[in-house]
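A short write-up of the structure that comes next.
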Amino acid sequence: MNHTARYRGRFAPTPSGPLHFGSLVAALGSYLDARAAHGQWLVRIEDIDPPRCPEGAASTILRQLETFGLEWDGAVMWQHTRNDAYQDALARLTQLTLAYPCSCSRKQWQAFDIYPGWCRDGVCDPNKPVAWRLRSDLGKRPIHWQDRLFGDQQFDPAELGDVILKRKDGLWAYQLAVVVDDAAQQITDVVRGLDLLDNTPWQRQLQSALALPQLRYLHLPLIVTPEGQKLSKQNLAPALAEDEHGVRHQLFQALEALDQAPPKELATEPPATQLHWAVANWSLARLRPTAHRLIPPPSIL
Ligand code: GLU
């Protein structure tokens with residue numbers, strides 16, 4: 001695939017806490033893929049859910065990216081400033097009858113795997129606050145794409161359910177915001193963790209409904225604990241190192257997690273040297289299409 005003509009990638013963290021080793025691997029993979037293609041690499045802070053985003057977490061993340069030498073292009077986009085764009089997109093979807101208000105609570109449909117669509121033809125309880133849902137059965141389906149690592153993907157969004165676009169409390173949902181903003185930032189390539197692979201069908205269905213460009217996708221193996229859990233704040237994934245020695249080692253370990261087989265002597269080099277090598281030698285062919293990578297031992301972290 002020739003990406004060099006035009007490539008715009010992005011790293012889009014939710015500032016719910018500092019970056020951990022798993023997020024470093026995602027950021028690094030996205031950065032290397034963009035830089036190796038002589039592309040742009042943008043950062044977007046996905047701060048649409050203030051209760052989940054402690055004060056200062058976003059600036060910590062930006063500082064962590066700088067510490068690891070992951071320099072981005074242009075201004076950072078902040079999702080908390082994007083209300084009007086999301087509202088416009090929701091209005092268009094509603095006009096197309098691809099979005100609808102829903103008063104049902106999770107408790108009401110707990111016996112089902114996905115929301116059964118009771119409000120599709122009219123809100124069940126007009127006196128209750130409403131969320132807005134995607135009419136996944138009426139949009140484009142099935143959704144088909146070639147993931148650059150995991151290959152052929154096909155999903156029926158209707159089997160995944162009518163995902164929420166705007167919550168009852170008025171907060172915007174990730175699926176809508178990510179699609180609107182990837183288009184606004186003219187992103188061509190999404191490189192992110194495998195945990196988002198099954199979100200991609202909704203996102204592609206939304207892109208199609210809103211007549212937005214379709215993107216290329218590369219989902220990266222997830223970093224997991226020895227128990228097989230994805231690293232997260234919930235399982236107390238440690239924040240990235242801040243000391244020089246720790247930063248160098250973790251960056252090296254992240255290159256190893258991406259199967260780039262960096263030469264051993266690189267492990268003690270500063271980020272700029274490691275990244276210079278990694279961009280020049282970035283090889284997707286080396287990356288094994290397996291779902292998980294074990295977190296490196298904590299003694300080294
Ligand atoms: N904000 C999402 C997260 O932190 C990632 C969004 C994306 O890469 O599409 O998990």
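Remember, it's 1-based here, ligands and their atoms both numbered in the order they're listed.
- Contact check on Arg82 versus Asp84 returns no salt bridge, with no Lys/Arg side-chain nitrogen under 4.0 Å from an Asp/Glu carboxylate oxygen.
- Those atoms of ligand 1 that come under 4.0 Å of a heavy atom in Val178, given as number and element, are 9 (O).
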> ring pair (Phe, Tyr, Trp, His ring centres under 6.0 Å) between Trp145 and Phe150: does it pass, once the steps are laid out?
Replying inline: CA-CA 10 Å; Trp145 80 96; Phe150 290 96; over 10 Å; no
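- Looking at atom 5 (C) of ligand 1, its nearest protein heavy atom turns out to be Ala12 O, 3.3 Å.
- Within a 6.0 Å sphere centred on NZ of Lys140, heavy atoms belonging to other residues, nucleotides or ligands number 12 at most.
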>> Could you go through Glu269 and Gln274, starting from their C-alpha distance and side-chain angles, then the distance that decides it, and tell me whether this counts as side-chain hydrogen bond (donor to acceptor under 3.5 Å, both in side chains)?
In response: CA-CA 6 Å; Glu269 295 293 334; Gln274 294 197 36; over 6 Å; no
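- Ile48 and Ile164 are members of different hydrophobic clusters when ILVMFWY side chains are connected at heavy-atom separations under 4.5 Å.
- Under the 4.0 angstrom criterion for non-hydrogen atoms, Phe11 is not in contact with ligand 1.
- Close contacts between ligand 1 and Arg192 involve ligand atoms 7 (C), 8 (O), 9 (O) [criterion: under 4.0 Å to a heavy atom].
- The option with the heavy atom closest to atom 4 (O) of ligand 1, from among Val179, Ile187, Thr14, Ile61, is Thr14.
- Those atoms of ligand 1 that come under 4.0 Å of a heavy atom in Tyr174, given as number and element, are 6 (C), 7 (C), 9 (O).
- The existence of a salt bridge linking Asp73 and Arg35 is confirmed by a sub-4.0 Å separation between a basic side-chain nitrogen and an acidic carboxylate oxygen.
- Residue Glu46 approaches ligand 1 through these ligand atoms, each under 4.0 Å from one of its heavy atoms: 1 (N), 2 (C), 5 (C), 6 (C).
- For atom 8 (O) of ligand 1, the closest non-hydrogen atom on the protein side is Arg10 NH1, 2.7 Å.
- Taking the six-membered ring where the residue is Trp, Tyr115 and Trp118 present perpendicular rings, their angle passing 60° and hence far from 30°.
- Where the criterion is an N or O separation shorter than 3.5 Å, residue side chain and backbone included, Leu196 fails it with respect to ligand 1.
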